[in-house]
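Report on the structure given below.
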Amino acid sequence: QGRGVQALPLNFNMPNLKFADLSHNQLTSLHSLSSCVNLIELNLDSNLLATLQGIDNLTNLRELSCSDNKITSLPSAASKHFNLVSLILNHNLITSLLHTNIYTSLQDLSLIANPIHSLREILHLKQNSSLIALNISDIGVLRKDNNVRFFCFFHLPNIRCFNNELVKTSDLIPA
């Protein structure tokens, strides 16, 4: 964490590594992590990442945090992440949630301060029946539409925590 690392060595072969905190560096590529097939938790916060390409082989990954990067979209190859439970992508450049439906085990998704400008993007989450916590505070569309909360409750009925607040029964009635 925080050593100013710009790239991981090409021979970064650590198949037994389970937890990695590579936050607060200057990483731009993740391809060297492909051999870390037993990673369970990975923190890549505060790097220079524009893509998540290179972590496709990390099928045991349960928690992934990539806040404060320059990520613009989720990779379609992420369908191999059957075990991913928590995905934190705060303060990035994500405008579409197109591939979120392939994270079948996802329970917690945080997208704070991403420039998502259409409520239709939330509809991509409908197939995530495991999703129970969603944090989309300060995203582009929220700045314009006060009904986003009810829209989410209507289309995502399993949500139990929204923007870090527990969902109450009274919250669901207007939906």
Side-chain angles (χ1 to χ4, degrees), residues 1-100 102-117 121-122 124-125 128 130-143 161-165:
Q1 172 186 354
R3 302 252 184 227
V5 176
Q6 294 179 343
L8 296 173
L10 292 176
N11 60 350
F12 192 76
N13 188 10
M14 300 184 78
N16 296 322
L17 185 66
K18 294 194 184 293
F19 308 96
D21 185 348
L22 300 171
S23 62
H24 302 280
N25 283 295
Q26 298 172 2
L27 295 175
T28 57
S29 173
L30 301 174
H31 293 290
S32 296
L33 289 175
S34 63
S35 67
C36 301
V37 294
N38 288 308
L39 263 177
I40 296 171
E41 291 181 25
L42 179 58
N43 185 340
L44 296 165
D45 293 349
S46 300
N47 276 285
L48 302 173
L49 298 169
T51 178
L52 293 176
Q53 298 294 328
I55 62 168
D56 303 341
N57 290 349
L58 307 183
T59 57
N60 292 311
L61 202 58
R62 292 186 51 80
E63 296 183 23
L64 176 60
S65 185
C66 297
S67 294
D68 299 306
N69 278 284
K70 299 176 182 190
I71 298 168
T72 57
S73 64
L74 300 171
S76 59
S79 59
K80 296 179 184 177
H81 293 158
F82 301 116
N83 297 312
L84 194 63
V85 173
S86 177
L87 180 58
I88 302 170
L89 295 165
N90 302 330
H91 301 277
N92 276 288
L93 302 172
I94 296 170
T95 58
S96 174
L97 302 179
L98 182 61
H99 299 297
T100 52
I102 58 180
Y103 296 100
T104 56
S105 298
L106 192 63
Q107 295 177 12
D108 181 10
L109 177 62
S110 188
L111 296 161
I112 297 170
N114 275 281
I116 299 169
H117 295 293
E121 293 302 323
I122 302 298
H124 292 297
L125 299 172
N128 296 73
S130 299
L131 189 65
I132 57 173
L134 178 63
N135 195 337
I136 55 172
S137 61
D138 201 28
I139 65 169
V141 72
L142 277 178
R143 293 184 197 117
C161 184
F162 184 77
N163 292 347
N164 290 329
E165 293 181 17

For the atom pair [atom1] ([X]) and [atom2] ([Y]), what is the distance rounded to the nearest 0.5 Å?
X	Y	atom1	atom2	value
Leu22	Ser65	CG	OG	11.5 Å
Leu134	Cys161	CG	SG	9.0 Å
Thr72	Ile94	OG1	CD1	8.0 Å
Leu42	Leu30	CG	CG	7.5 Å
Leu49	Cys66	CG	SG	6.5 Å
Leu87	Leu111	CG	CG	7.0 Å

| field | Under the side-chain hydrogen bond (donor to acceptor under 3.5 Å, both in side chains) test, residues paired with Thr100 that sit two or more places apart | value | none

| remark: With sequence neighbours left out, the residues meeting side-chain hydrogen bond (donor to acceptor under 3.5 Å, both in side chains) with Asn43 are none

Which heavy atom of [X] sits nearest a heavy atom of [Y], and at what distance?
X	Y	answer
Ala20	Leu17	CB-CD2, 4.0 Å
Ile71	Asn92	N-OD1, 3.0 Å
Ser137	Asn163	N-OD1, 3.1 Å

Under 3.5 Å, side chain of [X] to main-chain N/O of [Y], donor-acceptor pair present?
X	Y	result
Asn25	Ser23	yes
Asn47	Asn69	no
Asn90	Asp68	no

| Which residue pairs pass the side-chain hydrogen bond (donor to acceptor under 3.5 Å, both in side chains) test with at least one member in residues 27-42, sequence neighbours excluded? | Asn38-Asn60

With side chains defined as the heavy atoms from C-beta onward, is the minimum distance between [X] and [Y] less than 4.5 Å?
X	Y	answer
Leu74	Leu89	yes
Ser130	Leu106	no
Leu8	Leu33	yes
Leu64	Leu44	yes
Ile116	Thr95	no

| query | After noting the C-alpha distance and the side-chain angles of Ile122 and Ile136, does the key distance pass the side chain to side chain contact (heavy atoms under 4.5 Å, CB included) rule? | reply | CA-CA 10 Å; Ile122 302 298; Ile136 55 172; 3.9 Å; yes

Test of understanding: with side-chain contact (heavy atoms from CB on, under 4.5 Å), list the residues that count as partners of [X], not counting sequence neighbours.
X	answer
Ser96	Leu98, Glu121
Ser86	Glu63, Ile88, Asp108
Pro9	Asn11, Phe12

